[in-house]
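Below is one structure, written out as structure tokens; comments come after it.
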2 protein chains.
Amino acid sequence: MNTVRGARARARVEVTAAIKDEARKQLAAEGAAKLSLRAVARELGMVSSALYRYFPSRDDLLTALIVDAYDAIGAAAEAALADVDAGARAGAAPAGAGAKAPSPACAGAGGTPTPRARWTAVCRAVRAWAVAHPHEYALIYGSPVPGYSAPQATVAPASRVAHVLLAVLRDAHRSEGVAPPPLAEGLRAEADRLAADLAPDLPPALAVAFVNAWCQLFGLISFEVFGHFAGVVEEAETFFTHSADRLGRELGLLR
Amino acid sequence: MNTVRGARARARVEVTAAIKDEARKQLAAEGAAKLSLRAVARELGMVSSALYRYFPSRDDLLTALIVDAYDAIGAAAEAALADVDAGARAGAAPAGAGAKAPSPACAGAGGTPTPRARWTAVCRAVRAWAVAHPHEYALIYGSPVPGYSAPQATVAPASRVAHVLLAVLRDAHRSEGVAPPPLAEGLRAEADRLAADLAPDLPPALAVAFVNAWCQLFGLISFEVFGHFAGVVEEAETFFTHSADRLGRELGLLR
DNA sequence: GTCTATAGGCGGATAGAC
DNA sequence: GTCTATCCGCCTATAGAC
């Protein structure tokens, strides 16, 4: 009976994965607004009503895709940070697991990576994921899907990238200090609340500067992914790396 | 015959405007991907085939909405710059035309507004338009509409905001100089091309810094409009104003 | 320019047999 | 869990009368 349950459960995850894979393909072709259970079923050789055993509604399928996308971009950010730290300790990249080439920016040196190198490595990984998965990126950082409101289940995955970036700041703050730009008068209250919510151990001025950098980071990525660089920026990756480094600098990561 | 032609032409623009207005409403309710000629016609008490006399296809209607949106946000930027300049000369706002309240940031002083005040005024106007028209904003700065590719006719309107911001930089560069951040090694080529394309009279380092600031400006706006500030930033306008001012500062607008 | 009618699709969701 | 059948809605686009 256990084996039967196991087999059924296995079949279920496999079919669920197949549905999500096909749905992702359609996301690319038609966009989130037109994601259709029927079309997914058709492509999978199933009948539409069968899908309702896996996802109770179209919106639930969409939620699953959104959570997956946030998790994927968050995992990419986490892996990049692990890589840059590991790459600095050993000359060679740890084979296997990561599936991410170590950032060239941190190659060579055997010491601890600088806070800015860590920051930039994470930013680059986030951009790389976005460029490699433009439609999933659009799903989570583009226009809201009309008529869909994100359930509570999406908020934790949605914050993974920010938490990685905050970890970089926190480490730098502890080890060598950070020099964020001064806090403007009118932002006192907002800054205190922000710091209390996001990172009680960081100075409020740094919390504000972080939120700023966080928005601007995704602004750079979105403009590239959404096509606003056409005819303007040609070497997008070089441009981005430079911009990310400047964001880190402006945050107060001096080194 | 002239009067007849005139009357017909007038009716035509009126109906065209009504169609676009209704389409904008539906944009808000259903999103660009689901914009439907039939639904527009239904709401207008017309029959769907009649719309084809005004817009040859759904995509043409979409193009018209996109051009209108770019023009509207561009006009808001231009008006804001005119206002801040006019407001600095006269104590009171010029009545009528602008339909935009003069930015409080520039009230009082009778002299020429500083470059940073001009920059920030334009940024604030762009944000204000976006917040007031979130769905039209999403249409032009959000996820690309699947299956739709923007025709050549959209590129000129799309650049109006950037041109206003560049005008602010150009004026500052001429009158009192600008101190952009130094240009990184690897960006030489990109910077030269960028400067040649966007503003041959500005230093390449400034052109790069400008593109940076331009992306980041829309990153701030997009995060607010697309709901990523929920539970994070509460006083979005104050936060934005501060951020825009910092962007100007980092561009090298010292004053 | 506007109408009716029509072609030839598409969608979400449910009931009930197996 | 998967199927058939079904309800009831939606869409773009064209033809041809008026």
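A note on names: the letters A, B, ... follow the listed sequences, proteins ahead of strands, and every chain is numbered from 1. Worth knowing before you read on, the calculation uses all heavy atoms, side chains too, and leaves out hydrogens, waters and symmetry mates.
For the pair Leu37(A) CG and dC10(C) C1', the interatomic distance rounds to 14 Å; values are reported in whole Å. A straight line from CD of Glu30(A) to C1' of dG9(C) spans 14 Å, rounded to a whole angstrom. The distance between atom CD of Glu43(B) and atom C1' of dC10(D), rounded to the nearest whole Å, is 15 Å. One atom, CG of Asp60(A), and another, P of dA13(C), lie 9 Å apart when rounded to the nearest Å. In this entry the distance linking CG of Asp59(A) with P of dA13(C) reads 8 Å, nearest Å. Met46(A) has its CE atom 12 Å from the P atom of dT4(D), to the nearest Å. When rounded to the nearest whole Å, the span between NZ of Lys34(B) and C1' of dG9(D) equals 13 Å. To the nearest angstrom, P of dC3(C) lies 15 Å from OH of Tyr52(B).
A salt bridge does not link Glu30(A) to Lys25(A): none of the charged side-chain nitrogens sits closer than 4.0 Å to a carboxylate oxygen. Contact check on Glu22(A) versus Arg42(A) returns no salt bridge, with no Lys/Arg side-chain nitrogen under 4.0 Å from an Asp/Glu carboxylate oxygen.
For Tyr54(A) and dT2(D), the shortest distance from a side-chain N or O to OP1 or OP2 is below 4.0 Å. Residue Ser57(B) places no side-chain N or O under 4.0 Å from the OP1 or OP2 atom of dA13(D).
Residue contacts for Leu35(A): at a heavy-atom cut-off of 4.0 Å it reaches the sugar-phosphate backbone alone, with no base atom in range. Ala39(A) comes within 4.0 angstrom of sugar-phosphate atoms only, judged by non-hydrogen atoms across all strands, and of no base. Contact annotation for Phe55(A): no contact, since no heavy-atom pair falls under 4.0 Å across all strands. Among the protein residues, Arg53(A) comes within range of the nucleic acid bases, having at least one heavy atom under 4.0 Å from a base atom.
Residue Ala11(B) is the one, among Ala11(B) and Ser48(B), whose nearest nucleotide of DNA chain C lies closer to the 5' end (criterion: closest heavy atom).
At a cut-off of 3.5 Å, with distance as the only test, a side-chain donor of Tyr137(A) or Ser222(A) sits close to an acceptor on the other residue.
With hydrogens and angles ignored, a donor-acceptor pair under 3.5 angstrom links the side chain of Arg38(A) to the base of dG12(C). With hydrogens and angles left out, the side chain of Ser49(A) and the base of dC3(D) share a donor-acceptor pair within 3.5 Å.
Note: Tyr141(A) and His228(B) meet the aromatic proximity criterion, with ring centroids under 6.0 Å apart.
Aromatic ring orientation, Trp214(B) versus Phe229(A): parallel (interplanar angle below 30°, classes split at 30° and 60°).
The side chain of Ala50(A) sits closest to dC3(D) out of dA13(C), dG12(C), dC3(D).
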